[in-house]
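Step one of this worksheet: look at the structure below.
Numbers restart at 1 for each chain; the letters A, B, ... are given by sequence-line order, proteins then strands.
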Amino acid sequence: MAGKIQFYLLDLTYKIISDKAQICIFGKTPENERVMLLDPEFRPYFYVIPKKSTSAVIEKLKNLKVEKRDIIASVTSTEIVKKRYMGEEVEAIKVYANLPKSVPALANEAKKWDIVRFCNEYDILFTRKYLIDNNLVPMTLHEADAEEIQQGFRISTYNISGISQVGGDYLENQRILAFDIETYHPGGKIDSAKNPVIMISFYSKGFRKVITYKKFRTKHDYIEFVDDEPHLLERFKEIIERFKPDIITGYNSDSFDFPYLRARAKKYRIKLNIGIDSKDIKFGRGIYPSAQINGIVHIDIFQFIRRNIGQSLKTDSYKLDLVAQEILGEKKIDVDIENLAESWRKGTGLEHYAEYNLNDSKLVYDLCDRFMPNIIEFTKLTGITAFDVIRMGFSQIVEAYLLKQAPKFNIIAPNKPGHDEIKQRRMATYHGAFVYQPTPGLYKDIIVFDFRSLYPTIISSHNIGPGTLNCSCCKDETEFAPTDKGKYWFCKKRKGFIPTIIDDVITRRMRIKEIIKKDKKNKDKAADILLDARQYSLKIMGNSFYGYMGFFGARWYSIECARSITAYGRYYITKVIDQAKKEGFNVIYSDTDSIFMTLDRKTRKEVETFGDKINTELPGIMELELEGFFPSGIFVHAKVGPYGAKKKYALLSEDGKIKITGFETVRSNWSDIAKEVQEEVLRIILKENDKEKAFQYVQTVIKRLNDRKVALDKVMMHTKLTKEIDEYESIGPHVAIAKKMQAKGIDVAPGMIIKYIIGKGKGRIRDRAKFPSECEEGDYDPEYYINNQVIPAIDKIFEVIGYSKSEILMAEDQKDLKSFFG
DNA sequence: TACGGGCGGGG
DNA sequence: GTGTACGCCCGTA
């Protein structure tokens, strides 16, 4: 039956059917039917820009054949096109290839020819090209001519042609299914080869379920018992198949839940074929693993939060507990996960773990639900799938957006840099942001101002981009960017590609913010959330262009542009600082786009008036914003690097929270004593405003360490083994301990956390690492814990309130002397 | 100083 | 899958 079909485009891939690539779209109709759509018309291609003779290049291309593994790459046809490339008009050849895989093979060959100037767009994925060229937007409604076919898949399949987006309707009320697994992990060992999955929970709107296979009495009707682990896995599949989610979500499910389930399923020869086309889960390899399911969008919400939301969060750890607390105001259920293995063995207390397991899924569901508008906005902006967009960093998101926009400007995209190019780019440095060094110390009543979107507004108003840089038509212009290195100017006659794009991003965001302001009266909450997500996505996008142009991996890389942007930034911020000083404000610190001043005898009203005055003087859309008031803060000397100084300060906000910026975070593999001291020192200094007390506190800790009165628990180090002992080339302290354990006949394996204590003695740390059970209380090296743990955690703080590292250490000696003589 | 290794999230 | 990749810090050699 031929006719039109409408569907929301969730995801896509391609299949090779009778030696031809066919785009395969997974969609959902407005009637909630899941469908698969095959588009055989789209052909793989790339561009060749000839040096002189186009026809000569075409002749040579026609005969080009390259053998690559199992295929023979060949050119099927060519087409001459007029395009723009890096601000220049060019005549290019659009080269069509027999298969997607052929494209890089052919391009790499043609690149070597003398008569060829450039080869481009051979490294943009086939499916992504399809989305770009057809102007499609995942998660939104599309229409195509369709004919149903029998393909043997378990869902309705159609051959389609003439696909196009229909309006901006996006998939609302998505069926989101959150899940979470619990595993057996004796001794804290995560080992998917040995230890079973023991519980799986699901959560969605109106749906709760925990499956496990050790029976216990329970009041909860959502708990379901199966016979054993294989049945647990089968039930896991069954629930997903029955629920028919559009989106499946987990927390770190790319790296933990799905890989773990895969390992367990493999053991029992169970296929995890939960794709709507009955295909197995696809596991992406590499530094960031991923799990992809055909037709179900897998959102690892941890990935999205870490990459795209992280910057705006106060927490610097992305543990589910902390993230949920900050975003949802909810905590995880308090259980000791270390005891789960024992509970499981004994079969006691499992109901509580089931509640915990379900609650984790609920938190994950709520997080996914909360960020769905943002995710959808990012997909709409970039036109890439939700699966991809949540796994991308900012620069990749910017690039995706530029790649989508480029054809509309008839632009051929620059290539990704190769290894040598990256090496060179990494070496290039440039002068970063302006930093007004604070006088180290404690301050009261701090006011913080910052420029809203400083760099984007600079890019827009000065027309900065690789395509407008040092154009020949404006050679005689006198306005140069205020850089201290190189002479750069930007075209005054023609608006560039990147400035046009960023202008669009900024004005769209301003329009949305205006609507939000007006809507405040209507109190349409749902609409507000969407609008807010939209403006946030645009903000993130806009702010990322500068970093993108300075990023070594960028296609539209331009260090000259990055240099010019920071130069203008320095120019504007110093202007504001001068103005503030003129008005009698005490400026204590400034970095990039923010200015810190103290209130002193001024009133808050005067502060606001100052902000307003500056804003009337700023050009165009540039704006200075009052970030807030802070009762106290401590500032640390900042080291100036190529990208500007790092912010290093801790502020006490009006609601009593301490916000730490830029201090070396005390990491989880540090001892508790170091963490404890850092927190306490900041608390005393900021809340009690008592430097001496903080100093004395550290003295007490050092003394307690020296007197060996600190509990072993607090000096315990823990490091995870990540591979087999024999595979280690260099022997760190944890490896040394693991070797000793092995010698004692204790089973050690990757994933195990090795606990050790640094004992007294000379020589390498690793030779002094001790097995905790060998140690009695006080059996540790005070020197190591003072010098390598406590001092590094707090020396930066004390440095700025007037105590040097040696003073902290000396004082203890003197006291000893005093007590000795006294 | 260069380089190998661990961490992050998950249990 | 038009693949092969993060950024930072610590300790050892």
Sugar-phosphate, base or nothing in reach of A/Ile181, heavy atoms under 4.0 Å: sugar-phosphate

Touch class at under 4.0 angstrom, heavy-atom based, for A/Tyr318 against every strand present: sugar-phosphate

Sugar-phosphate, base or nothing in reach of A/Tyr784, heavy atoms under 4.0 Å: sugar-phosphate

Under 4.0 angstrom between A/Lys332 side-chain N/O and B/dG11 OP1 or OP2: yes

Which nucleotide in B/dG11, B/dG8, C/dG11 has an atom nearest any side-chain atom of A/Arg306: B/dG8

Validation row: A/Tyr785, A/Val790 side chains within 4.5 angstrom (heavy atoms): no

Validation row, ring centre A/Phe202 to ring centre A/Tyr365 under 6.0 Å: no

Selection from B/dG9, C/dG7, B/dG11 that lies nearest to any side-chain heavy atom of A/Tyr251: B/dG9

Distance, P atom - from B/dG9 to C/dC9, rounded to whole angstrom: 15 Å

Sugar-phosphate only, base, or nothing, as touched by A/Tyr45 at under 4.0 Å among non-hydrogen atoms: base

Options C/dG1, B/dG9, C/dT12, nucleotide nearest the side-chain atoms of A/Ser317: B/dG9

OP1 or OP2 of B/dG8 under 4.0 Å from side-chain N/O of A/Ser255: no

A/Asn120 side chain to A/Ala413 backbone, donor-acceptor under 3.5 Å: yes

Touch class at under 4.0 angstrom, heavy-atom based, for A/Asp360 against every strand present: sugar-phosphate

Between A/Tyr47 and A/Phe118, ring centroids under 6.0 Å: no

Sugar-phosphate only, base, or nothing, as touched by A/Asp180 at under 4.0 Å among non-hydrogen atoms: sugar-phosphate

Touch class at under 4.0 angstrom, heavy-atom based, for A/Gln303 against every strand present: nothing

Nearest-neighbour nucleotide for the A/Leu320 side chain, B/dG10, C/dG7, B/dG11 considered: B/dG10

Phosphate contact (C/dA13 OP1 or OP2) by A/Arg766 side-chain N/O below 4.0 Å: yes

